[in-house]
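Bear in mind the structure is a predicted one, so any value in this text is a computation, not a measurement.
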Amino acid sequence: NPRDYFAMFDAAELSPAEGANSSSSSSHLDLFCCKCVDTYVTVKKNQNQICWKYHKVETPHPRQPLYRTFLDTQQYSDASIALYEAVYGRGFVSPGGEVLSAALLDGMRLQPSMRLLDVGCGIGGNAFLAAERYGCHVHGIDLSVNMILVAIERAAAAIASSRSSSGGAAAAAAGANGIATGTAAAAA
């Protein structure tokens, strides 16, 4: 499970007593980004091959809790996402939900060959809608790893559904366009 990898890297910290360089108090790995491997998404329709990029950070003091940790354990925990979706609709975690997203997308004059970047994509509601209605390929980016993983899991489920049956437009669009090529970005 990708969530386990995030937890493992977030917990890694090297103190001076353990390391060779005692000039710094602490070093740890900071997430730069993670994303689905586009080749797997495009060719194999597989959202589950994920590439992480971390960089080593040295600080004069022990690391403080990550903002991303707050987002993933509090603001956008699985339980919180379920509550947001109960209010705003499946796939949406902000006011306006599908109605506002559809109006915004309709005004963009999208074409099937277009590629979109959804900054702050959440759990992928806008991305799924753009792929379903217009056949666009959408790449989402969000600070919350938890929300990106929910979007990736749902895209994989839609692809699996479209393979086992005719699936409907949303599953076919997700399978054909690899919409949940999500990226989690580091938050300072």
Side-chain angles (χ1 to χ4, degrees), residues 1-7 9-10 30-36 38 41 46-48 50-52 65-108 110 114-162 167-188:
N1 185 332
R3 295 170 200 260
D4 297 333
Y5 288 104
F6 283 105
F9 281 108
D10 286 347
D30 240 5
L31 177 67
F32 180 73
C33 72
C34 79
K35 67 183 292 288
C36 295
D38 288 340
V41 173
N46 179 355
Q47 262 67 12
N48 296 318
I50 299 174
C51 175
W52 288 269
L66 300 171
Y67 180 62
R68 182 170 45 81
T69 302
F70 163 75
L71 289 175
D72 292 336
T73 61
Q74 303 290 315
Q75 185 76 28
Y76 300 117
S77 67
D78 290 337
S80 296
I81 289 171
L83 288 173
Y84 284 122
E85 286 187 298
V87 173
Y88 303 120
R90 181 163 170 78
F92 297 92
V93 294
S94 60
E98 185 174 351
V99 173
L100 182 61
S101 294
L104 177 69
L105 292 170
D106 288 344
M108 294 175 69
L110 300 172
M114 291 182 167
R115 297 174 68 88
L116 299 177
L117 174 62
D118 186 355
V119 177
C121 66
I123 55 178
N126 291 329
F128 283 101
L129 196 58
E132 178 183 339
R133 286 193 178 186
Y134 301 101
C136 297
H137 178 94
V138 183
H139 184 87
I141 184 169
D142 202 284
L143 293 176
S144 170
V145 169
N146 199 36
M147 291 205 295
I148 289 290
L149 292 175
V150 168
I152 290 170
E153 290 162 0
R154 289 184 180 178
I159 290 167
S161 173
S162 71
N177 295 295
I179 63 154
T181 56
T183 300

If you round to the nearest 0.5 Å, how far is [atom2] of [Y] from [atom1] of [X]?
{"X": "E85", "Y": "S80", "atom1": "CD", "atom2": "OG", "result": "11.5 Å"}
{"X": "C121", "Y": "H139", "atom1": "SG", "atom2": "NE2", "result": "8.0 Å"}
{"X": "L100", "Y": "F92", "atom1": "CG", "atom2": "CZ", "result": "9.0 Å"}

(request) If a pair satisfies side-chain hydrogen bond (donor to acceptor under 3.5 Å, both in side chains) and one of its residues is in residues 89-104, list it, with sequence neighbours excluded. (result) S101-N126
(message) Taking side-chain contact (heavy atoms from CB on, under 4.5 Å) as the criterion, tell me which of T73, L71, I123, D78 meets it with N146.
(response) D78
(message) Restricting to side-chain contact (heavy atoms from CB on, under 4.5 Å), what partner residues turn up for Y134, sequence neighbours left out?
(response) L105, D106, L110, C136
(message) On a heavy-atom basis, which atom in G124 and which in A151 lie closest, and how many Å separate them?
(response) N-CB, 4.1 Å
(message) For D142 versus G120, what's the shortest heavy-atom pair and its separation?
(response) OD2-C, 3.3 Å
(request) State which residues pass side-chain hydrogen bond (donor to acceptor under 3.5 Å, both in side chains) with Y88; sequence neighbours excluded, sorted by chain then number. (result) none
